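Counting starts at 1 for both ligands and their atoms, following the listed order. Residues: numbered from 1 along the sequence shown. Given the structure is predicted, the values throughout are model-derived calculations rather than measurements.
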Amino acid sequence: MGYENILIEEKNGIVVLSINRPKALNALNAGVFKDLDHFFTENYSNENVKAVVITGVGDKAFAAGADIKEFMGMSEEQGTNLSRKGMAVFEKIENFSKPVIAAVNGFSLGGGNELAMSCHFIVASEKARFGQPEVNLGLITGYGGTQRLPRYVGQAKAMELLLTGDMINAQEAKSLGLVSHVVEHGNEVEKSVEILNKIITKSPFAIAKMIETVNAFSDNKKNGFEIEANNFGKTISSYDGQEGAKAFLEKRKPKFKGR
Ligand code: DAK
C-alpha cells in the first residue's frame with residue numbers, strides 16, 4: 001500500500017518509518033493514524049520486517065502532538081471514540097512482535113510523546129524536547145499518556161509533567177528514565193539502527209516472547225510471572241531455544257530460525 005503521511009525505508013530488515021508532515025511539525029492527524037495502523041497490522045507476521053525505527057521528517061519535530069485542527073467542534077462521544085481508536089493503534093505498536101524504537105529528533109509533545117512512549121524504548125537527539133502540554137489547551141491526554149508516562153518516570157514526576165504541561169530537555173528525560181540514549185543531533189536514527197542490528201541477531205521467537213512478557217509488567221489485568229513461566233516453556237522447547245543451548249555447549253554461534 002502507498003502511504004500518504006509516512007515514509008518507509010527498509011535496509012536489512014530494519015524499517016525506518018518517518019512521520020511526514022514537517023510543515024505541521026509532524027502533528028498526528030487521522031491520516032497518520034490510518035497509515036500507522038496499516039503498517040503495524042500488515043507487518044506483525046511479515047518475516048522481512050525484523051525491526052522498526054519511528055522518527056519524524058525534518059530536524060525540528062518527532063511529532064508536536066495530535067493535530068489541533070481536528071479538535072474543533074468535537075462532541076464528547078466523538079472525543080471518546082477517537083481516543084479509543086488512537087489507543088488501539090498505539091497498543092499495536094507496543095505489542096508489535098518485533099522491536100520498535102522511537103528516534104526522537106526534536107519536539108515530542110502531547111500525542112507525539114504518547115506515540116514515542118508506546119515504542120519499546122526511546123533514543124533522543126540532544127535537541128529533543130518532551131512534554132505533555134494538553135492542560136495548556138484545556139484538555140487531558142487522549143492516547144494513553146496518563147498511563148504510560150508514570151511507567152517511565154514514576155507517578156509523582158508524571159503527575160508534575162502532566163499538570164504543568166512543562167517541556168523537558170533530552171538530558172532530563174534521560175535522567176528520569178523516559179529516554180534510554182541521548183546522541184548528537186542527527187544521529188538518533190543511526191544509533192537506533194545500531195541497537196536494532198544487535199537485537200536482530202537473536203532469535204526472533206525469543207524476542208517476540210520477551211516483548212510480550214515485559215509488556216505484561218504494566219498490564220494489571222495480567223499475571224506477569226505466570227506469563228513468564230509459560231513463555232519460558234515455549235522458548236526452551238522451541239527450535240531456537242534448543243539450538244542456542246547446543247551452540248553454547250559446542251562453542252559456536254547459534255543459527256536461529258525464528259521458531
Ligand atoms: N497540531 C497542528 N499543527 C501544529 C501543531 C499541532 N499539534 N504543532 C505545530 N503545528 C503547526 C503550527 O500551527 C504551524 O503551522 P503554520 O502556522 O505554519 O501553518 C507549524 O506547525 C509550525 O509551528 P510553530 O510556528 O508554532 O513553530 P514554533 O517553532 O514557533 O513552535 C512548538 C514549536 C512545538 C513549541 C509549537 O508549534 C507548539 O506549541 N505546538 C503545539 C504543541 C501542542 O500543544 N501540541 C498538542 C498537544 S495536545 C485526543 C487525543 C489526544 C490528544 C487530545 C485529544 N482525543 C482522542 C480527543 C492529545 C492532544 C495533544 O497532543
Logged contact type for Ala66 with ligand 1, heavy-atom cut-off 4.0 Å, is both

Taking a hydrophobic cluster as the set of Ile, Leu, Val, Met, Phe, Trp and Tyr residues connected by side-chain heavy atoms closer than 4.5 Å, whether directly or through intermediates, do Leu176 and Val104 fall within one such cluster?
yes

Task: Protein non-hydrogen atom below 4.0 angstrom of atom 61 (O) of ligand 1 present - done: yes

Does the protein come close to atom 31 (O) of ligand 1 - that is, does one of its heavy atoms sit below 4.0 Å from that atom? no

Practice prompt. Answer with yes or no after comparing the ring centroid distance for Phe232 and Phe225 against a 6.0 Å cut-off, counting only values under it.
Written response: no

Check your understanding: Any salt bridge between Lys157 and Glu160, counting N to O under 4.0 Å?
Key -> yes

Within 45° cone and under 6.0 Å: Lys257 NZ/CZ vs Tyr239 ring: yes

Before you tell me yes or no, could you show the steps for Glu188 and Lys191 under salt bridge (Lys or Arg N to Asp or Glu O under 4.0 Å), namely the whole-Å CA-CA distance, both residues' side-chain angles and the distance that decides it to 0.1 Å?
CA-CA 5 Å; Glu188 53 287 341; Lys191 178 70 183 175; over 6 Å; no

Original post:
Does ligand 1 have an atom that lies less than 4.0 angstrom from a heavy atom of Pro133?
Top reply: yes

**OP:** Kindly state if atom 21 (O) of ligand 1 has a protein heavy atom within a strict 4.0 Å cut-off, that is, under 4.0 Å?
**Re:** yes

Atom 1 (N) of ligand 1: closest protein heavy atom, distance to 0.1 Å, is Ile68 N, 3.0 Å

Note: ligand 1 atoms sitting under 4.0 Å from heavy atoms of Lys60 are 27 (O), 28 (P), 29 (O)

re atom 19 (O) of ligand 1, the protein heavy-atom contact at minimum distance is Lys69 NZ, 4.7 Å

May I ask whether atom 24 (P) of ligand 1 is less than 4.0 Å from at least one protein heavy atom?
no

The atoms of ligand 1 lying under 4.0 Å from a heavy atom of Ser83, numbered in the order shown, are 56 (C)

Any protein heavy atom nearer than 4.0 Å to atom 38 (C) of ligand 1:
no

Subject >> atom 17 (O) of ligand 1 protein-contacted (non-hydrogen atom, under 4.0 angstrom) >> reply: no

Of Tyr143, Phe107, Phe71, the residue with the heavy atom nearest atom 54 (C) of ligand 1 is Phe71

Query raised in the report: What about Phe130 and Tyr152, are their ring centers closer than 6.0 Å?
Result: no

Partner of Phe62 under side chain to side chain contact (heavy atoms under 4.5 Å, CB included), picked from Ile54, Ile122, Leu25, Asn26, is Ile54

shortest atom 36 (C) of ligand 1-to-protein heavy-atom contact is with Leu25 CD1, 4.6 Å

Candidates Leu137, Asn29, Leu109; heavy atom nearest atom 34 (C) of ligand 1 found on Leu109

Out of Gly65, Ala64, Gly131, Ala63, the nearest non-hydrogen contact to atom 42 (C) of ligand 1 is supplied by Ala64

The atoms of ligand 1 lying under 4.0 Å from a heavy atom of Lys23, numbered in the order shown, are 20 (C), 21 (O)

ask   = Are the side chain of Asp59 and the backbone N or O of Gly186 linked by a donor-acceptor pair below 3.5 Å?
value = no

For Phe205, the ring pair (Phe, Tyr, Trp, His ring centres under 6.0 Å) test, sequence neighbours excluded, returns none

- Task: Please confirm whether the backbone N or O of Arg21 pairs with a side-chain atom of Asn5, one donor and one acceptor, at under 3.5 Å?
- Result: no

Quick note on ligand 1: atoms under 4.0 Å from a heavy atom of Gly142 include exactly 49 (C), 50 (C), 51 (C), 52 (C)

Please check atom 10 (N) of ligand 1 for a protein heavy-atom neighbour under 4.0 Å. yes

From the list Leu196, Ile211, Val15, Ile93, side chain to side chain contact (heavy atoms under 4.5 Å, CB included) with Val100 holds only for Ile93

re atom 2 (C) of ligand 1, the protein heavy-atom contact at minimum distance is Asp67 OD1, 3.4 Å

message: Can you check atom 44 (O) of ligand 1: any protein non-hydrogen atom closer than 4.0 Å?
response: yes

One thing to verify: whether Lys246 and Glu243 come together as a salt bridge, which I'm taking to mean a side-chain N less than 4.0 angstrom from a carboxylate O. no

Within 4.0 Å of some non-hydrogen atom of Gly111, the atoms of ligand 1 are 60 (C), 61 (O)

Residues at least two apart in sequence or cross-chain that pass side-chain hydrogen bond (donor to acceptor under 3.5 Å, both in side chains) with Ser192, listed by chain then number, are none

Atom 4 (C) of ligand 1 has as its nearest protein heavy atom Ala24 O, 3.8 Å

Problem set entry | Test item: Asp240 side-chain N/O and Thr235 main-chain N/O as donor-acceptor pair under 3.5 Å | no

